[in-house]
Amino acid sequence: FKDSLAKFEAQYDSAEIRQIIEQIRAMTAQEKEAFEQGVKYREDGTESKIVAQFYNSKAAPLVEQMGPKFDQIVELYN
């Protein structure tokens, strides 16, 4: 995923696309942090159902925000 974004950014270099890709990267980093935090909770013995609820509460809004960002890239590309 990261490689594909970097390749696209290099191929279609514009300030708008760079800005959108940076926003996507920030959201991806937040999702990764939530995942790692969930793994830590699980290692500490937290019930898997609770960990899943935690992760979903953090990741779902990020995924919802990413969709429109990709739509913006498509609009700029076309």
Side-chain angles (χ1 to χ4, degrees):
F1 178 73
K2 289 182 351 181
D3 294 337
S4 296
L5 275 180
K7 183 179 177 181
F8 184 86
E9 184 178 19
Q11 190 173 1
Y12 301 99
D13 188 28
S14 80
E16 289 175 298
I17 288 179
R18 275 194 308 272
Q19 180 183 18
I20 294 168
I21 289 176
E22 284 305 314
Q23 292 169 347
I24 292 170
R25 284 184 178 133
M27 288 180 234
T28 303
Q30 290 175 345
E31 183 274 333
K32 182 180 177 183
E33 289 173 18
F35 178 81
E36 290 171 354
Q37 190 173 4
V39 168
K40 173 124 176 59
Y41 287 151
R42 189 66 187 121
E43 289 171 349
D44 292 343
T46 303
E47 187 178 329
S48 60
K49 184 177 179 179
I50 294 171
V51 173
Q53 289 173 343
F54 163 79
Y55 175 75
N56 287 332
S57 73
K58 300 292 183 180
L62 296 171
V63 171
E64 287 178 23
Q65 292 172 22
M66 278 188 218
K69 297 297 177 190
F70 284 111
D71 291 343
Q72 289 176 349
I73 288 175
V74 169
E75 287 177 23
L76 293 171
Y77 175 74
N78 292 325

Discussion item. Let me confirm one number: the CD1-OG distance from I21 to S14, rounded to the nearest 0.5 Å.
Written reply: 8.5 Å
Worksheet entry | Results of salt bridge (charged side-chain N to carboxylate O under 4.0 Å, His left out) for D44 - residues two or more places apart only | K40
Discussion item. Under the rule for side-chain hydrogen bond (donor to acceptor under 3.5 Å, both in side chains), what residues qualify as partners of E16, not counting sequence neighbours?
Written reply: none
Item to complete: Identify whether L76 and L5 are in the same connected component of the hydrophobic contact network (ILVMFWY, side-chain heavy atoms under 4.5 Å).
Response: yes
Using residues 64-71 as the side-chain source, report each donor-acceptor pair under 3.5 Å to any protein atom, sequence neighbours left out, with the distance given to one decimal.
unit_1: K69; atom_1: NZ; unit_2: Q23; atom_2: OE1; d: 2.8

Pairs of donor and acceptor atoms involving the side chains of residues 25-32, under 3.5 Å and at least two apart or interchain, shall be tabulated with distances.
unit_1: R25; atom_1: NH1; unit_2: E9; atom_2: OE1; d: 3.1
unit_1: R25; atom_1: NH1; unit_2: E22; atom_2: OE2; d: 2.8
unit_1: R25; atom_1: NH2; unit_2: E9; atom_2: OE1; d: 3.0
unit_1: T28; atom_1: OG1; unit_2: I24; atom_2: O; d: 2.9
unit_1: E31; atom_1: OE2; unit_2: Y55; atom_2: OH; d: 2.4

Item to complete: List in chain and number order the residues that pass side chain to side chain contact (heavy atoms under 4.5 Å, CB included) with Q11, two or more places apart in sequence or in another chain; answer none if no residue qualifies.
Response: none
Item to complete: Would you please name every residue forming a side chain to side chain contact (heavy atoms under 4.5 Å, CB included) with Y41, sequence neighbours left out?
Response: Q37, T46, V51, F54
